[in-house]
Number of protein chains: 2
Amino acid sequence: MAFMIAQRAFIKLYLITMVEQHRGYGYQMLEELRQQFKSHGYAPPQSEIYRALHELVQEGVLYRTKQLKGNDPRVDFQEIVLYHFTADGAEKAKLYKQQVKQDLDRCLGILHKAVNDNYG
Amino acid sequence: MAFMIAQRAFIKLYLITMVEQHRGYGYQMLEELRQQFKSHGYAPPQSEIYRALHELVQEGVLYRTKQLKGNDPRVDFQEIVLYHFTADGAEKAKLYKQQVKQDLDRCLGILHKAVNDNYG
DNA sequence: TCATGAACATAGTGTTCATTA
DNA sequence: TAATGAACACTATGTTCATGA
């Protein structure tokens, strides 16, 4: 029984949701998460985003396609990696999200309890 | 910037509160915490309780006294270690608790955001 | 600088082991 | 078994480096 949810699982959750909304590639998702969590005092490290993406591919949830970032190859040669659900990826993702939800609720319970027990 | 609160800090918080209420020794606090968090799917490991207590002593928050558990030394030779606040321990503990409170709130914010962002 | 990836290093943790006023 | 403590092992993570459509 672990204490808190792992950062990896937390990031995977967000990545899945982002892929559901067909949003972006690794670096972009990283920047967006950093932006979103900046005010929460949390900046997900770059390595974790890529590791999480690789794991989701490994687990058969996502597959990758490559693409040039700009639409004019004469000016923009930057290659990016896009992620999509595999045939059964959406289903797997759904199950995964359910598990993570359980864990999030568990963690919230623990933290709320701690606030109640130790303050006020 | 860390992701979630460390287990160590979390346990220290509880230990401080328990010492405030002059409750118990290491093993007893361990059992009580396990009892309390059982339904939350969390069982703090024994090593963490002792490590946390040692750190609090190291940091000058607590000091130790030893005592036989039973009141009749002829039947009960079990020695236990009791913890008390040092001269400035209470003050230090208060500051520490404030810091942990901040971190708990930060974590709660992150987790709540995750629930909002990824479900519903 | 953007974008991806891997290598490396380490802290925090979980598991076992040791000891016994 | 209760109680304390330490040793050991490991995994998740953070940092740094490498590369380039």
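Proteins come first, then strands; the chains are lettered A, B, ... in the order of their sequence lines, and each starts at number 1.
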Has the side chain of A:Glu79 got a donor or acceptor atom sitting under 3.5 Å from an opposite partner on the base of D:dG20?
no
Does B:Lys66 have a side-chain nitrogen or oxygen under 4.0 Å from the phosphate oxygens OP1 or OP2 of C:dA21?
no
If you check every side-chain atom of B:Tyr27, which of C:dC2, D:dA3, C:dA6 has the closest atom?
D:dA3
If pairing means Watson-Crick or G-U wobble with both distances under 3.5 Å, then the partner of C:dG14 is D:dC8
What's the CD-C1' distance between A:Gln28 and C:dT1, to the nearest Å?
15 Å
Listed nucleotide nearest any side-chain atom of A:Ile80, set C:dT4, C:dG5, D:dG20
C:dT4
Pair partner, C:dT1 [Watson-Crick or wobble, under 3.5 Å]
none
Distance, rounded to the nearest Å, where B:Met29 contributes CE and D:dT4 contributes C1':
12 Å
Would you call the rings of A:Phe10 and A:Tyr42 parallel, tilted or perpendicular if under 30° counts as parallel and over 60° as perpendicular?
perpendicular
Tell which nucleotide pairs with D:dT1, taking only Watson-Crick or G-U wobble pairs whose two distances are both under 3.5 angstrom.
none
Out of D:dG14, C:dC2, C:dT13, whichever nucleotide has its closest atom nearest the side chain of B:Glu48:
C:dT13
For residues A:Ile16 and A:Glu20, determine if any side-chain heavy atom of one lies less than 4.5 Å from a side-chain heavy atom of the other.
yes
Under 4.0 Å between a side-chain N or O of A:Gln7 and OP1 or OP2 of D:dG14?
yes
Selection from C:dT15, D:dG5, D:dA2 that lies nearest to any side-chain heavy atom of B:Val81
D:dG5
Establish, with yes or no, whether the OP1 or OP2 oxygen of C:dT4 is under 4.0 angstrom from a side-chain nitrogen or oxygen of A:Tyr25.
no
Taking the minimum atom-to-atom distance to the side chain of B:Ser47, which one of D:dT13, C:dT15, C:dA3 wins?
C:dT15
Length of the line joining A:Gln67:CD and D:dG20:P, which is rounded to integer Å:
22 Å
B:Leu30 CG - D:dT1 P separation (whole Å):
16 Å
For A:Tyr42, which contact category applies under a 4.0 Å heavy-atom criterion: base, sugar-phosphate, or nothing?
nothing
Heavy-atom nearest pair, A:Ile49 first then A:Pro44, reads CD1-CB, 3.9 Å
Would you kindly give the NE2-to-P distance between A:His54 and D:dA12, to the nearest whole Å?
16 Å
5'-most by nearest nucleotide on DNA chain C - A:Glu31 or A:Ala2:
A:Glu31
Which nucleotide wins on minimum distance to the side chain of A:Tyr83, given the candidates C:dG12, C:dG5, D:dT13?
C:dG5
B:Ile49 CD1 - C:dG14 P separation (whole Å)
10 Å
Looking at the side chain of B:Gln46, which of D:dA21, D:dT15, D:dT4 is the nearest nucleotide?
D:dT4
B:Tyr50 side-chain N/O to B:Gly26 backbone N/O, donor-acceptor pair under 3.5 Å
no
Step through the shown structure and confirm whether more than 12 heavy atoms of other residues, nucleotides or ligands are within 6.0 Å of CD on B:Gln21.
yes
Using whole Å, report how far CD of B:Glu32 lies from C1' of D:dA3.
16 Å
Protein-nucleotide distance (A:Glu55, atom CD; D:dT11, atom P), rounded to Å
13 Å
Of A:Arg51 and A:Phe3, the one whose closest DNA chain C nucleotide lies more 5'
A:Arg51
Any B:Arg64 side-chain N or O less than 4.0 Å from OP1/OP2 of D:dA3
no
Just checking A:Gln102: does its CD atom have more than 12 heavy atoms from other residues, nucleotides or ligands closer to it than 6.0 angstrom?
no
Residue B:Pro45, side-chain heavy atoms: nucleotide from C:dA6, C:dT15, D:dG5 that is nearest:
C:dT15
Taking 4.0 Å as the cut-off, does a side-chain nitrogen or oxygen of B:Tyr50 come that near to OP1 or OP2 on D:dG5?
no
Evaluate the ring planes of B:Tyr63 and B:His84, with Trp represented by its six-membered ring, and classify them as parallel (under 30°), tilted (30 to 60°) or perpendicular (over 60°).
tilted
Would you tell me if any nitrogen or oxygen in the side chain of A:Lys69 comes within less than 4.0 Å of OP1 or OP2 on C:dC2?
no
